[in-house]
Structures are given as structure tokens and as C-alpha cells.
Participant: 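Structure incoming, see below.
Numbering of ligands and ligand atoms starts at 1, following listing order. What's counted below: heavy atoms across the whole structure, side chains too, no hydrogens, waters or symmetry copies.
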Amino acid sequence: MNTTRRDFLKALAGVVAAGLTGTYRADGAEIENGKFTSTKPKVLPWAGDNYTLGHRLRDGDIPKAPDKADRTADFVIVGGGMAGLAAGHFLKDKDFVLLEQYSETGGTSSGGSYRGIDFSRGAVCTDRPYGLKADLFTELGLKPTVISAEETAWHCYGQWHKDIRGNDRFHRELTRLQGEINSARKDINLADSTFSQFLSGYDREFLNLLDNTAKAFFCSGTQGVSAGAGFFMVRALTSDSYVCDGGNSGIARALKSSITGSGPNRCATDCFVWSVERKDNGASVVYSDSSGMHRIDCKHAVVATPPMVALRIIPELPAQLKVAFAQLEYGAFVVANICMPEKILQSPYQSFADAPHPLTQLILAEAPYIASGRYKPEMGSVLTVYYPYSYGAAGRAQVMALNKDKLAAALINELSALMAPIKNHVEQVEITRWGHAVIVPRPGLSSLMNKSNQYTTEWMTFAHSSAGGGQSLEGAISAARNAADACLRKLA
Ligand SMILES: Cc1cc2nc3c(=O)[nH]c(=O)nc-3n(C[C@H](O)[C@H](O)[C@H](O)COP(=O)(O)OP(=O)(O)OC[C@H]3O[C@@H](n4cnc5c(N)ncnc54)[C@H](O)[C@@H]3O)c2cc1C
């Protein structure tokens, strides 16, 4: 199980007592005498999930739908996360409307901005662009900054270690793991065995680090995720990162601009979809906005919501998909963006702390600006902090019950103890809650999700990034491409 809030406070006391030091350091100036003395930074309103309408849908408290459509379009895209936006981009010269429940698009790849630094509320980076992803970046004119894998720090054996190469105990374990992954027997069933089954003979401290890193990625430790997911994680961590301004929210923003630039009224926000039904040779989509309930008839619907929502809004979903979707477990996450008007931390791009530390992953959002020579001191600094909770209903309930002011104060104290005394230098904190952040990649997930991979009928296509198993930018783009092709076939 992941750490709970109580564990967090306990761990906080432990870290302070241990007086951890290491890679992180203050930038020259005497921080304790710094200019910013406010100990109470501004805590912005919650970002992320809001379940007011989602719970009405779950409980069957569904408003009456109009019988007749008040609008038609060739295609309706449900959900404005990365997959829905990419589907819209692929269909940008066609007649479609995208419906997103929140006031902003991007979903788990959304972001914000502080003094000219864009930051992420979820997805932060990707690996080397290839195939569809490379083509998409070219079409959008995106040139992510390449940040070397050397710009990574790891907390293990009671201290920080930088880089992926070195001769100390930590690096010897990491090199051994990389070697074992690269030479793993081809007949090992990576999808159905656990990552921990593969990890024998490693130091306990190193395993603790891997466990927390798996939580940072998947909301579950090495015993709860498949070996395939673990291998993917280690390869991602030991490869260069391709980072847009704002992380992957920069990609979501570019997709939205592509859609809105191609025609008016195509991206409708604050529109909650209640049902997607088969109608004649196409589909009918019921949604609500501030003016009431509406219905749009279309030739084909693209459902780019998480499977759990698809399960509820598509009454005609085949039984085998319903059964598969009902078995998925979702991890809950808090992602905090700690905004500072001065650059206090001269640290690597990303860092991972070992178990039982509650803050598993830390990202400096200004890194792509610095690496590409666009950083100015007045931009300050934004630290993006990932705090995974238990997967399932328990973690979700904890996350939704949090007090944001207390959490912000605890996070700042924790970071001050772990990295550098940032305490009096924080101007604002934005905390994002994700109740259904990621589907935990348990052994067996790929065979469950195989049924939904490329799932398409005459009247609808399921196009969430998770459709093929792993939830990632690549998964979103390939699901979107599949859905756009299904739409184009309807016009042929
Ligand atoms: C904390 C975190 C970190 C991550 N880091 C990375 C990373 O570094 N790299 C990476 O590749 N991936 C990362 N991911 C995975 C990320 O989820 C995917 O990359 C991608 O953003 C998923 O896009 P999506 O469109 O499939 O799904 P989502 O982001 O889940 O989007 C679904 C959309 O549907 C909308 N919606 C849901 N229900 C309704 C409804 N009833 N009506 C209307 N709209 C609805 C939602 O509001 C949302 O906008 C991370 C995820 C999280 C949570």
C-alpha cells in the first residue's frame, strides 16, 4: 500500500530528524536571510478532479435528456484529454465537436503558468519521438527540449546520487538492473508476472527506491505492477527526456490551438456527457452545460474518457468490455506546483526519493527554459511534486478529503527538510487532485485491455490512452489515430 497522510506526517518527522542533505543545494545567497519572509504562501483553489456530476452519473441520478437533437455534427469527441484533442487534430478539416466536462482541456496532461514558466499538473515528458508521435510533433511545430538522463537524482542509502552512471553502490545496482533488463530472456511473460518477481538479489535500499519510483509512475509498488511496466519505467528513467514547456501540457495546448484555429465552436468546455447511444446508422450524445441538457446527433462518436466513465455513459458497450473495465484499479495522486519568485534550487531536472518517503518524484519546471537558453531570473522557479496515494476507493477518498492549506504547509516543510530550506521563499502553491489518475498496470492488464484496443463499431470508437494497456502520450496518439480513421471511413 502507498503512504497515507498519517504516514506522510510521520515520515516528515523522520526526515527532519535524519537531516538529509545531498545533491540539492541553495544558490549562493543566504536563504534564511532571503527577501521573502512570508511563511504563508497563497494556496490556489484546487485543480484537477471534481466529482459533483461524475457521482450523479455513478448513482444513476441522471437529468432527463431531450428527445430531439438541437445540433448535428459529423463527429462528436467525448473528453478533451490528450487522446480527445489528438483525435480532433486529426479531424481538423472535418465537421466535429469536442465536449470536455471541465473548463480547461488537457485532462491528466493539463497545466498552469507562473511568471512565464509553464508547469504540468500531470504528465511531464516523453521519450524520443518516433512514428506517429514524431509526425504529430512536426505537424504541431513542437520541438521538445532534450534533457539528458544525467539530469536525474536518486535518494538511496541515506543520500542523494546524481546521474545514471557512477561507481558507488547505488550505481552498481542500477547498472546491474539495466543489464538484466536488456538481456532478459525473450520467453519471460512480462505482461503477466510482477516486476518484483524479476528483482532478486538486489540491496534492500535499492529495492525501496524502485518501489517508490514505481509508485511515482503507477501508484503501486514493484509487487503490484507487471514486469513489462517495470521494464518500461527503468528504460524511461535511464533515457533522455523530451520536455515541452509545461511538460506534456505544452503538447495538449498545441493540439487545442490546432483545433480552435481550424474552425469556430469545435472545442466545447464545461460540457458533461451523460450518454452516448446508437442512433440509426450513427450515434446520439447527451450532455449538459450551464444552459441545460442537449443532444447532438452524429455519424460517429469518439469516446476518449477513462474506461470507468465509458462504462457508464455507453449503455451498449459489449459485455466483455464492461467486465474488463469493471476490473480496473485506478491510482489517486496529488500533484503540487510549488512556485517561488527566486531560483533557490540548483538541482537536476528530476529526482526520485526512496520508500517510505511520500514525495516520490520532483521535477523542476524551468528546466526546458534553462536548457534552451530562454530562462530569465525574474521567472523564478516551479517545483512539481508527485505524491501518490493508495490505489482504489480508499486513496481516492483520502485525496478528496484533504485540507489544501494544511497539505501545502506540510509539503513545504517536507521539501525544506529534504532538499533546501525553501520554506520562506514560496509565493504560491497550486495543488491538483486526481482521483482516477492512472490505471494501475497490474499483471494481466494487457490481456484485459486487449479487448478494448482499437475497439470500434459502425457508430463509436473507444479512444482513451489506456485502450491498449499502458497510459501514455503514445497510447493517446495511437488511440486517436485509430478513432480518426474510423470517422474518416464513415465519410468514404
Ligand atoms: C500524475 C500523472 C503523471 C503522468 N506522467 C506522464 C508522463 O510523464 N508521460 C506520459 O506519456 N504520460 C504520463 N501520464 C499519463 C497520462 O495520463 C497520459 O499521457 C495522457 O495524458 C492521457 O490522456 P487521455 O486523453 O487518454 O486521458 P485523460 O487525461 O484521462 O483525459 C480524459 C478526458 O475526458 C474528460 N471526461 C471524463 N468524463 C467526461 C464526461 N462525462 N464528459 C466530458 N468529458 C469527460 C476528462 O475531464 C479528461 O479531460 C501521467 C498521468 C498522471 C496522472
Side-chain angles (χ1 to χ4, degrees), residues 48-51 53-58 62 76-88 98-111 120-127 133 215-219 232-233 236-237 241-244 247-249 251-252 255-256 267-276 285-289 302-314 330-336 350 360-361 363 384-389 432-439 441 462-468 470-480 483:
D49 281 328
N50 171 343
Y51 289 128
L53 296 179
H55 283 173
R56 283 187 63 183
L57 175 69
R58 179 196 64 188
I62 298 172
V76 174
I77 300 169
V78 183
M82 194 66 93
L85 290 168
L98 179 152
L99 303 171
E100 163 57 41
Q101 63 172 330
Y102 296 136
S103 55
E104 283 178 48
T105 52
T108 49
S109 289
S110 57
S120 173
R121 298 188 178 117
V124 277
C125 64
T126 185
D127 59 4
K133 184 169 66 172
K215 286 175 187 167
F217 268 65
F218 310 121
C219 259
F232 161 83
M233 176 185 94
L237 290 170
S241 300
Y242 287 69
V243 188
C244 293
N248 291 9
S249 73
I251 306 168
L255 287 168
K256 187 177 178 197
C267 216
T269 50
D270 292 311
C271 292
F272 185 88
V273 171
W274 295 91
S275 74
V276 179
V285 177
V286 174
Y287 71 97
S288 58
D289 64 12
V302 174
V303 179
T305 67
M308 180 203 47
V309 178
L311 181 69
R312 293 185 175 133
I313 62 177
I314 312 173
Y330 290 83
F333 256 104
V334 158
V335 181
Q350 62 178 343
T360 53
Q361 184 180 6
I363 297 276
T384 309
V385 181
Y386 292 82
Y387 181 5
Y389 277 69
T432 304
R433 295 182 289 193
W434 297 117
H436 299 93
V438 283
I439 295 168
F462 174 64
H464 190 250
S465 57
S466 61
Q471 208 172 314
S472 64
L473 174 62
E474 292 77 10
I477 298 171
S478 97

Participant: Where does the angle between the aromatic ring planes of Phe218 and Phe232 fall among parallel (under 30°), tilted (30 to 60°) and perpendicular (over 60°)?
Facilitator: tilted
Participant: How are the rings of Tyr389 and Tyr387 set relative to one another: parallel (under 30°), tilted (30 to 60°) or perpendicular (over 60°)?
Facilitator: tilted
Participant: Are Glu100 and Lys256 close enough for a salt bridge, meaning some N to O gap below 4.0 Å?
Facilitator: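 The answer is no: the pair does not qualify as a salt bridge.
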Participant: Okay, side chain of Thr360, backbone of Tyr386: is any donor-acceptor separation there less than 3.5 Å?
Facilitator: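 It does hold such a pair.
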Participant: Which protein residues have a heavy atom under 4.0 Å from ligand 1?
Facilitator: Gly79, Gly80, Gly81, Met82, Ala83, Leu99, Glu100, Gln101, Tyr102, Gly107, Thr108, Ser109, Gly122, Ala123, Val124, Cys125, Asn248, Cys271, Phe272, Val273, Ala304, Thr305, Pro306, Val309, Val335, Tyr386, Ala437, Val438, His464, Ser465, Gln471, Ser472, Leu473
Participant: Tell me if a side-chain donor or acceptor on Tyr330 pairs with a main-chain N or O of Pro306 at a distance below 3.5 Å.
Facilitator: no
Participant: Suppose we screen for salt bridge (charged side-chain N to carboxylate O under 4.0 Å, His left out). Which residues come up paired with Lys133, at least two apart in sequence or across chains?
Facilitator: Asp127, Glu474
